[in-house]
2 protein chains.
Amino acid sequence: MMRLKIPEPTIKRLLVYYRFLENQIGVNEQKVLSSRELGEGVGVTSNLVRRDLSFFGEFGCQGVGYDVEILKDNLKKIIGISQQRQVILVGAGNLGRALLNYNKFVGIEIVEVFDCDLNKIGNTVNKLEVKNVKLMEEIIKERDIKLAIIAVPADYAQNVALQITGAGIKAIWNFAPVPLKMNEDVVIINEDLACGLGCLVYKLNQLEQQIV
Amino acid sequence: MMRLKIPEPTIKRLLVYYRFLENQIGVNEQKVLSSRELGEGVGVTSNLVRRDLSFFGEFGCQGVGYDVEILKDNLKKIIGISQQRQVILVGAGNLGRALLNYNKFVGIEIVEVFDCDLNKIGNTVNKLEVKNVKLMEEIIKERDIKLAIIAVPADYAQNVALQITGAGIKAIWNFAPVPLKMNEDVVIINEDLACGLGCLVYKLNQLEQQIV
DNA sequence: ATGAGATTGATTTCACATTCACAAATAATT
DNA sequence: AATTATTTGTGAATGTGAAATCAATCTCAT
Ligand SMILES: NC(=O)c1ccc[n+]([C@@H]2O[C@H](COP(=O)([O-])OP(=O)(O)OC[C@H]3O[C@@H](n4cnc5c(N)ncnc54)[C@H](O)[C@@H]3O)[C@@H](O)[C@H]2O)c1
Ligand SMILES: NC(=O)c1ccc[n+]([C@@H]2O[C@H](COP(=O)([O-])OP(=O)(O)OC[C@H]3O[C@@H](n4cnc5c(N)ncnc54)[C@H](O)[C@@H]3O)[C@@H](O)[C@H]2O)c1
């Protein structure tokens with residue numbers, strides 16, 4: 001174990017490991033699993049699995065492997081999903097509604113949805129009422145929410161980000177394809193889907209040109 | 001210019017640069033822009049912009065900058081989005097419909113949608129009729145489609161991937177949170193949204209523990 | 001009890017990605 | 001024409017992440 005300066009890719013994989021363990025529980029009665037099995041399950045090498053985990057401690061048993069329950073509990077604590085965190089979503093459009101209807105995110109619960117469109121305000125999405133964005137800042141403060149999902153059009157994202165951080169939001173999962181300019185004390189993950197597609201198109205072209 | 005072995009992060013940024021240039025056209029009449037301006041617009045350093053572009057040639061003019069139109073055309077060619085590529089989408093669920101309704105992806109056109117749910121087959125999403133997945137393989141061959149988007153539940157993704165690659169698909173944009181096991185001649189981009197969220201929760205916890 | 005086989009966790013090595021720093025080139029100014 | 005401001009493109013240095021390697025430890029069969 002070494003602590004200090006954990007690679008970002010490692011952090012992203014923690015949840016992948018956790019999700020795999022969760023799913024495995026039901027499938028078979030396996031109590032213990034090896035880094036090789038875990039790695040194969042999620043598509044990384046066993047070396048990398050051990051490396052990732054060893055940043056946070058010694059959870060395995062040499063010659064044996066990892067106890068599923070113990071590893072799962074430890075991952076929960078490490079990631080910080082021992083209890084569900086309350087989250088808001090801004091922008092009940094196409095993507096926003098898809099996210100709201102998805103019930104498989106672990107560690108979070110979307111508790112409020114905001115939009116500015118009068119045709120959407122008042123609608124119900126997955127048991128949640130879409131509220132007027134004018135109420136947003138007050139509700140964030142009232143409920144002491146720290147994490148927000150931005151699913152508004154690109155042109156409005158920066159403004160929304162300023163509003164919500166002003167009201168106390170400290171973490172933003174941003175789906176708008178713009179780089180948010182924020183203070184250092186706000187953590188942001190940008191989920192720019194288009195560039196994954198761009199990369200795929202590039203690679204497909206390379207593949208085709210190579211063969212022809 | 002150096003060619004050979006281009007970093008994957010570089011490839012992903014190409015589309016970000018392109019999208020920024022597209023958007024800038026309307027905003028002002030700027031004919032030329034510097035790597036600094038482009039970098040600030042998309043949230044990377046000017047050094048990185050120049051490094052990325054220089055993998056593919058010399059598009060700028062020293063002391064001046066980059067001609068917007070010329071750079072845009074070159075990026076189009078490099079990424080491979082000079083003409084729209086026909087694409088299919090499998091799984092007209094929550095996420096699938098959000099993607100179908102999004103008209104801002106560049107370089108692709110979703111031309112067919114498939115699902116296995118009889119309640120969804122026949123429905124129209126963004127002017128496209130959802131077709132029975134049984135027709136999928138035939139239509140892929142008929143229209144000679146090479147790129148597919150997978151938006152089906154995790155348990156079905158591997159099967160769908162085998163079907164479509166069997167029918168000729170060479171590139172997959174996969175939203176199911178599972179590592180697809182495919183031959184070497186198929187390119188895959190996995191868009192595992194949950195791990196971005198996991199990473200954000202982790203960082204938020206770190207932030208909070210640090211302050212308290 | 002002992003040895004064979006399995007597996008972890010740490011160290012070392014290697015590969016990849018970004019930043020730094022500067023020569024070369026251009027435009028604007030005097 | 002000479003000078004100054006910019007700005008590109010790239011070699012070198014640095015930083016970051018993954019793979020390879022291996023000693024230490026555990027289980028189990030004999
Ligand atoms: N839909 C996709 O598949 C997809 C793919 C990639 C990226 N994105 C990005 O995700 C974001 C959302 O996309 P979408 O397709 O859901 O768009 P959308 O237009 O369907 O929805 C946007 C919603 O945000 C609301 N809104 C606008 N300004 C607001 C404000 N200031 N406060 C609160 N609500 C506001 C609108 O009323 C609308 O309901 C966009 O930035 C888009 O670029 C979407
Ligand atoms: N919705 C989200 O916000 C979200 C977030 C993260 C990941 N995902 C992933 O994206 C995928 C789709 O999510 P969703 O929320 O749209 O799920 P969904 O259940 O709403 O939609 C899935 C669709 O796939 C169809 N389907 C199932 N098996 C099929 C098959 N063999 N062939 C064709 N169609 C088939 C179903 O009929 C359904 O319409 C899932 O793998 C999910 O884990 C979704």
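- Side-chain contact of Asn103(A) with Asn126(A): a donor-acceptor pair under 3.5 Å is present, judged by distance alone.
- Counting only N and O atoms by type, the side chains of Gln30(B) and Glu37(B) include a donor and acceptor under 3.5 Å apart.
- Rounded to an integer number of Å, the gap from Ile6(A) CD1 to dG17(D) P is 11 Å.
- Residue contacts shown for Ser35(B) are limited to sugar-phosphate atoms, with no base heavy atom under 4.0 Å away.
- dA5(D) adopts a syn glycosidic conformation, its chi angle falling within 90° of 0.
- The distance from atom CG of Asp115(A) to atom CE of Met136(A), rounded to the nearest 0.5 Å, is 10.5 Å.
- Between Asn74(B) atom CG and dT8(D) atom C1' the separation is 15 Å, expressed in whole Å.
- The CG-P distance, from Leu53(A) to dA10(C), rounds to 11 Å in whole Å.
- Taking atom CZ of residue Arg36(A) and atom P of nucleotide dA19(D), one finds them 17 Å apart after rounding to whole Å.
- Between Phe56(A) atom CZ and dG9(C) atom C1' the separation is 15 Å, expressed in whole Å.
- Remark: Tyr156(B) OH is loosely packed, at most 12 non-hydrogen atoms of other residues, nucleotides or ligands lying under 6.0 Å away.
- Interatomic distance, OG1 of Thr45(B) versus CD of Glu40(B), reported as 10.5 Å (0.5 Å rounding).
- Each of Ser46(B) and Pro9(A) has a nearest nucleotide on DNA chain D; the 5'-most of these lies closest to Ser46(B).
- Residue-to-nucleotide contacts include a donor-acceptor pair under 3.5 Å from the side chain of Arg51(B) to the base of dT19(C).
- A salt bridge does not link Arg50(B) with Glu58(B): none of the charged nitrogens is closer than 4.0 Å to a carboxylate oxygen.
- dT16(D) atom C1' lies 6 Å from atom NZ of Lys5(A), rounded to whole Å.
- Distances shorter than 4.0 Å separate none of the side-chain N or O atoms of Tyr66(A) from OP1 or OP2 on dA6(C).
- Atom CD in Glu8(B) sits about 12 Å away from atom C1' in dC16(C), given to the nearest Å.
- Here Thr45(A) lies in heavy-atom contact (under 4.0 Å) with sugar-phosphate atoms only.
- Residue Arg50(B) places no side-chain N or O under 4.0 Å from the OP1 or OP2 atom of dG9(D).
- In this structure, dA5(D) makes no Watson-Crick or G-U wobble pair, since no nucleotide meets both defining distances under 3.5 angstrom.
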Name the pairs: protein N/O against N/O of nucleotides 26-29 of chain D, kept only if under 3.5 Å.
| residue | atom | partner | partner atom | Å |
| --- | --- | --- | --- | --- |
| dC26(D) | O4' | Gln62(A) | O | 3.0 |

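- Residue Asn47(B) places no side-chain atom within donor-acceptor reach of the base of dA17(C), judged by atom type and a 3.5 Å distance cut-off alone.
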Subject >> Audit row: Leu197(B), Ile189(A), side chain to side chain contact (heavy atoms under 4.5 Å, CB included) steps and yes/no >> reply: CA-CA 8 Å; Leu197(B) 178 58; Ile189(A) 297 280; over 6 Å; no
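- For dT14(D), the paired base is dA17(C) (Watson-Crick or G-U wobble, both distances below 3.5 Å).
- Heavy atoms of other residues, nucleotides or ligands lying less than 6.0 angstrom from CZ of Phe59(A) number more than 12.
- Distance from the side chain of Leu48(B) is smallest to dT18(C) among dT7(C), dT10(D), dT18(C).
- Straight-line distance from the CG atom of Asp67(B) to the C1' atom of dT8(D): 15 Å, rounded to whole Å.
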